[in-house]
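Here, residue 1 is the first one in the sequence, and each next residue gets the next number.
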Amino acid sequence: QVQLVESGGGLVQAGGSLRLSCAASGRTFGNDAMGWFRQAPGKEREFVAAISRSGGNTYYTDSVKGRFTISRDNAKNTVYLQMNSLKPEDAAVYYCGARSVTSSYAYFTRLNDYTNWGQGTQVTVSS
């Protein structure tokens with residue numbers, strides 16, 4: 001079973017940047033496709049970005065394309081989400097998810113595709 005711990009959230013002004021990290025332990029990180037989701041108060045958890053186990057394939061929801069970058073360092077068992085040009089509507093609790101896969105190229109965008117979740121990290125964007 002994999003354990004995921006997110007960090008890096010905080011308060012930032014609109015237009016600012018944050019880098020979230022998700023550290024994994026408990027199984028071979030390089031066998032997992034990873035994703036970032038977010039949940040704002042009163043809303044459902046939504047997909048933000050995904051990355052394949054090799055790191056070669058990434059995918060983003062339209063609202064963050066060009067502003068957010070997902071990456072991973074398999075040697076450090078960590079996936080990152082670099083968030084630039086933050087907007088008030090990006091404010092949410094951000095969660096990372098993991099799913100064991102055999103394909104080096106597959107990534108996943110649906111909530112139910114992921115089997116393991118972290119506890120989340122709060123991102124607040126002031127206008």
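When side chains are defined from C-beta on, Ile51 does not count as touching Tyr59, because their heavy atoms never get closer than 4.5 Å. Counting heavy atoms from C-beta outward, Val125 and Gln13 have side chains that stay 4.5 Å or more apart. Side chains of Arg67 and Tyr60 form no contact here, defined as non-hydrogen atoms less than 4.5 Å apart. Within the 4.5 Å cutoff, side-chain heavy atoms of Met83 are placed close to those of Leu20.
Between Ser17 and Asn84, the side chains place a donor N or O and an acceptor N or O closer than 3.5 Å (distance only, hydrogens not considered).
Residues that satisfy the side-chain contact (heavy atoms from CB on, under 4.5 Å) test with Ser25, not counting sequence neighbours, are Gln3. Qualifying salt bridge (charged side-chain N to carboxylate O under 4.0 Å, His left out) partners for Arg72, counting only residues two or more places apart in sequence or in other chains: none. Scanning for ring-ring contact (aromatic ring centres under 6.0 Å, His included) contacts around Phe37 gives Phe47, Tyr114, Trp117, with sequence neighbours left out.
Side-chain heavy atoms closer than 4.5 Å link hydrophobic residues (I, L, V, M, F, W, Y) into clusters, and following such links, possibly through other members, connects Leu18 to Leu4.
The list of salt bridge (Lys or Arg N to Asp or Glu O under 4.0 Å) pairs with a residue in residues 49-64, not counting sequence neighbours, reads Asp62-Lys65. For the ring-ring contact (aromatic ring centres under 6.0 Å, His included) condition, no pair includes a residue of residues 70-96, sequence neighbours left out. Sorted by first and then second residue, the salt bridge (Lys or Arg N to Asp or Glu O under 4.0 Å) pairs involving residues 24-42 (not counting sequence neighbours) are Arg27-Asp32, Arg38-Glu46, Arg38-Asp90.
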Practice item. Let me see the working for Met34 and Cys22 under side chain to side chain contact (heavy atoms under 4.5 Å, CB included), right down to the final yes or no. Key: CA-CA 10 Å; Met34 302 295 294; Cys22 173; 4.2 Å; yes

Practice item. Would you please test Ile70 and Val79 for side chain to side chain contact (heavy atoms under 4.5 Å, CB included) and show each step? Key: CA-CA 7 Å; Ile70 188 171; Val79 62; 4.0 Å; yes

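Residues Ala24 and Phe29 share a closest heavy-atom pair of CB-CD1, 3.4 Å.
Checking side-chain atoms of Thr121 against main-chain N and O of Ser7 turns up no donor-acceptor pair under 3.5 Å.
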